[in-house]
Amino acid sequence: MPAVSKGDGMRGLAVFISDIRNCKSKEAEIKRINKELANIRSKFKGDKALDGYSKKKYVCKLLFIFLLGHDIDFGHMEAVNLLSSNKYTEKQIGYLFISVLVNSNSELIRLINNAIKNDLSSRNPTFMCLALHCIANVGSREMAEAFASEIPRILVAGDTMDSVKQSAALCLLRLYKTSPDLVLMGEWTSRVVHLLNDQHMGVVTAAISLITCLSQKNPDEFKTCVSLAVSRLSRIVSSASTDLQDYTYYFVPAPWLSCKLLRLLQCYPPPEDGAVKGRLVECLETILNKAQEPPKSKKVQHSNAKNAILFEAISLIIHYDSEPNLLVRACNQLGQFLQHRETNLRYLALESMCTLASSEFSHEAVKTHIETVINALKTERDVSVRQRAADLLYAMCDRSNAKQIVAEMLSYLETADYSIREEMVLKVAILAEKYAVDYSWYVDTILNLIRIAGDYVSEEVWYRVIQIVINRDDVQGYAAKTVFEALQAPACHENMVKVGGYILGEFGNLIAGDPRSSPLVQFNLLHSKFHLCSVPTRALLLSAYIKFINLFPETKATIQEVLRCDSQIRNSDVELQQRAVEYLKLSSIASTDVLATVLEEMPPFPERESSILAKLKKKKGPGAVSVTELDDSKREAGELNGGADRGPDTAAMAASNASTPSPSADLLGIRSAAPVGAAQTNAGSLLVDVFSDSGPAAPSAAVNDDGFLSSAPPSEDPAPPLSEADELLNKFVCKNNGVLFENQLLQIGIKSEYRQNLGRMYLFYGNKTSVQFASFSTTVSCPGELQAQLNVQSKPVEPLVEGGAQIQQVLNIECITDFCDAPLLNIKFRYGGALQNLTLKLPVTINKFFQPTEMSSSDFFQRWKQLSQPQQEAQKIFKANHSMDTEVLKAKLLGLGTALLDNIDPNPENYVCAGVIQTKGQQIGCLLRLEPNAQAQVQMYRLTLRCSKDTVSKRLCELLAQQF
């Protein structure tokens with residue numbers, strides 16, 4: 001509400017407000033308000049017509065009464081009449097009243113719309129701005145229907161004043177957010193985009209907010225904004241603070257506009273135009289350079305503006321994930337912030353570095369800050385900063401530093417805030433499992449975890465350690481010995497008792513030879529914890545006791561005495577009573593052979609993805625764990641060969657391990673063969689997880705016995721592959737994990753593994769919006785000859801994808817013979833009623849089926865000479881696309897799937913590789929030689945490939961020439 005001034009002369013309003021403030025009680029205030037309402041009502045209904053000033057004064061009073069929390073049921077018509085006034089103050093009060101008190105269902109909405117139309121067509125900039133502000137404030141669907149087609153015309157008209165353009169852009173943004181289906185840009189698109197070139201910075205700032213929102217929903221229509229945004233950003237970044245004096249904030253030129261430009265660029269992939277991309281890289285380098293310059297002001301506003309631009313620039317660098325130098329520089333800059341005195345900067349640095357840690361180019365640079373991050377975990381006062389430090393340690397962990405990080409996280413757990421302990425426990429358990437080379441270390445870590453934070457160790461964690469112990473013969477004895485020692489502590493957590501009961505019941509015989517851990521000592525140790533435990537744990541211990549009778553017949557009498565006592569066979573809990581009675585009867589009447597058969601050792605668990613990771617993802621919320629967090633295997637191959645996450649329920653100890661199909665699984669039969677002695681199951685039955693939220697899906701007629709759909713020929717109406725499909729495919733030639741495709745609606749991530757001629761690919765579909773995807777379906781097809789060369793089977797996906805959620809699809813891939821094309825993935829779904837249809841190329845290339853081959857220098861050159869026929873060799877000389885970084889080159893050659901051979905080539909600068917491509921019908925030997933020429937004025941490569949099959953040589957040469 002405008003301030004009351006002498007010029008306005010609304011003395012009556014000032015007196016009324018003063019009276020209200022002087023009221024001593026609520027009753028007095030209500031009495032005064034009612035008196036005023038009666039007076040206003042009588043004035044409005046009186047025979048004497050009110051002038052504009054009186055209407056304005058009384059409408060202002062009504063507005064003030066409404067803002068005090070009282071209902072107003074009259075005066076609306078008088079406010080509408082004020083809209084037709086030619087005086088600014090009267091029109092302003094009318095629009096203010098309408099914006100606050102009139103709803104979209106009002107009968108007056110037509111009169112209001114007519115008044116707004118008159119003001120919009122008046123060409124009076126002040127009145128036009130008032131009308132636009134009212135439309136934006138109300139923002140109803142009725143307003144959008146009435147004005148959505150008119151406002152774009154005002155926005156792009158050449159004679160529209162700058163202040164009106166600003167209001168029009170923000171008004172259109174408001175209408176688009178409330179009714180996107182009614183705001184159709186159409187012919188106005190290119191003219192709206194060109195507002196980025198407007199001379200008035202305020203117009204550009206308002207327009208970019210509109211363009212960013214439109215680009216998120218319709219990226220293809222607005223992709224021309226990228227070059228304009230880069231051009232505008234370049235002019236701002238290279239300007240001095242005096243060049244943009246009106247838009248310089250504490251020596252930082254146009255900080256808000258810079259941040260919005262950088263955010264807009266994050267809606268698109270890196271520019272394809274080399275000149276635009278080069279200019280953008282220069283801008284980003286300049287921003288990073290300015291961050292190193294001494295501050296021009298000591299005031300916090302200066303550093304806030306400067307750092308806001310820097311963090312948006314770093315977010316853009318991370319989004320592109322294609323410039324190794326920028327990624328490393330960004331990491332180093334964030335590393336400086338880790339020790340900054342400002343808490344918010346430390347928090348933001350840790351958060352950004354978590355994302356950087358998942359990039360293959362910057363992971364090593366992030367690891368150099370491990371000591372600083374560990375120190376932050378120990379010393380930070382703010383719990384949110386400590387949590388981000390724990391997240392970063394988790395993200396930067398790999399096989400080289402796993403033991404150090406796990407040890408530090410365990411140490412921190414003892415004093416960690418209760419709010420983050422459960423998540424910390426899950427992360428420690430995942431890291432210990434993923435990077436364990438020494439299984440005894442893994443067992444020690446999990447038992448230590450239970451000891452330190454037993455209350456926060458979920459069932460999934462102790463189930464998992466049992467599964468791994470059962471599947472690993474070499475660790476069973478050590479696990480039994482370690483858990484026996486842990487149980488001797490006076491205060492022992494119940495989860496430790498569960499693990500001890502299960503492991504000693506299965507493998508107690510492995511340590512029974514030691515008098516200190518004889519069968520009777522083991523039993524007495526377990527039974528001493530019995531009375532302290534809950535019912536489920538007691539049930540597990542009773543099952544362990546019956547296992548003892550089978551393992552150690554000498555304990556039979558002692559255990560039967562325990563089972564026979566009244567506290568067991570007459571227990572008030574029916575589960576404990578039933579177990580005691582049945583186990584007692586079983587031990588009494590069954591022969592030794594029958595007892596040994598019924599109580600035989602549990603078979604190994606079938607393999608699949610750990611549901612500890614699934615629990616961590618669920619704890620973080622839908623969509624919160626992005627595909628990049630699953631990307632660690634690009635750096636470290638292999639996980640523990642643990643079993644399925646089937647809970648070791650004690651009632652099932654004597655049962656066979658029947659399994660149930662489930663939608664999510666690890667590589668079946670690819671990572672390793674099924675353990676000897678495992679229950680015989682088909683491939684589908686290896687997909688097991690009793691903790692899965694979704695039950696087993698009934699196979700449909702189109703689904704094979706394993707629950708997989710065979711690849712289909714292309715459907716009748718698939719969208720043609722995206723123009724950038726080949727570029728997206730080339731990004732995955734030398735890596736198996738990452739984000740395949742991303743727009744403002746959908747993110748598609750990939751995680752894949754290959755062994756011999758078989759592969760498995762996980763596709764992660766993430767809904768980036770808050771609106772549900774309906775009729776979501778995917779089809780994998782092999783066009784043309786590829787149908788006979790590659791066999792792809794896919795799991796069906798859920799038809800509904802909730803806003804912010806992520807679903808997973810599993811593909812099984814078999815290479816029949818060598819191939820050149822890539823299978824197509826067609827995705828269809830409905831978003832806001834509109835059908836979305838896109839087709840991508842799946843990154844399945846012939847090199848994925850490489851098996852690395854080590855050989856000596858003499859063997860290599862002997863084989864090289866054998867492959868000397870002209871058609872067996874493919875060679876290409878090409879200009880370097882990226883800087884000749886030795887480590888990056890080695891990482892890409894290893895990512896290709898071949899073995900990188902050292903000390904083979906006489907020239908140490910050259911790279912030599914060897915491998916065998918495994919197909920179902922044959923093996924194709926391949927030798928590779930990459931000769932970089934870094935000394936030339938233009939850096940060049942010569943790539944030579946020799947393969948036992950000519951088509952493979954040519955295809956590999958085409959693929960690799962684009963990687964370096």
Counterpart residues, side chain to side chain donor-acceptor pair (under 3.5 Å), relative to Y911 (two or more places apart):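 Testing Y911 for side chain to side chain donor-acceptor pair (under 3.5 Å), a comparison that skips the adjacent residues, returns none.
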
Under 4.0 Å between a side-chain nitrogen and a carboxylate oxygen: does that hold for [X] and [Y]?
X    : Y    : value
E753 : R760 : no
K768 : E742 : yes
E323 : K277 : yes
D398 : K367 : yes
E282 : R279 : no

Worked verdict on V844 versus L729 for side-chain contact (heavy atoms from CB on, under 4.5 Å): CA-CA 8 Å; V844 181; L729 182 141; over 6 Å; no

Heavy atoms from other residues, nucleotides or ligands near CD of E272 exceed 12 (cutoff 6.0 Å):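 Open: at most 12 neighbouring heavy atoms sit under 6.0 Å from CD of E272.
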
K290 NZ: over 12 foreign heavy atoms closer than 6.0 Å: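 Check passes, neighbour count above 12.
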
Residue pair F732 / P843: nearest heavy atoms and the distance that separates them: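 Scanning both residues completely, I find the closest heavy atoms to be CB-CB, 3.4 Å.
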
Considering all heavy atoms, the nearest N401-M396 contact: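 Closest approach of N401 to M396: ND2-O, 3.4 Å.
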
Intermediate values then yes/no, side chain to side chain donor-acceptor pair (under 3.5 Å), N289 and R329: CA-CA 10 Å; N289 291 337; R329 284 195 62 187; 2.5 Å; yes

Working for side-chain contact (heavy atoms from CB on, under 4.5 Å), residues M761 and I750: CA-CA 7 Å; M761 180 179 289; I750 281 187; 4.1 Å; yes

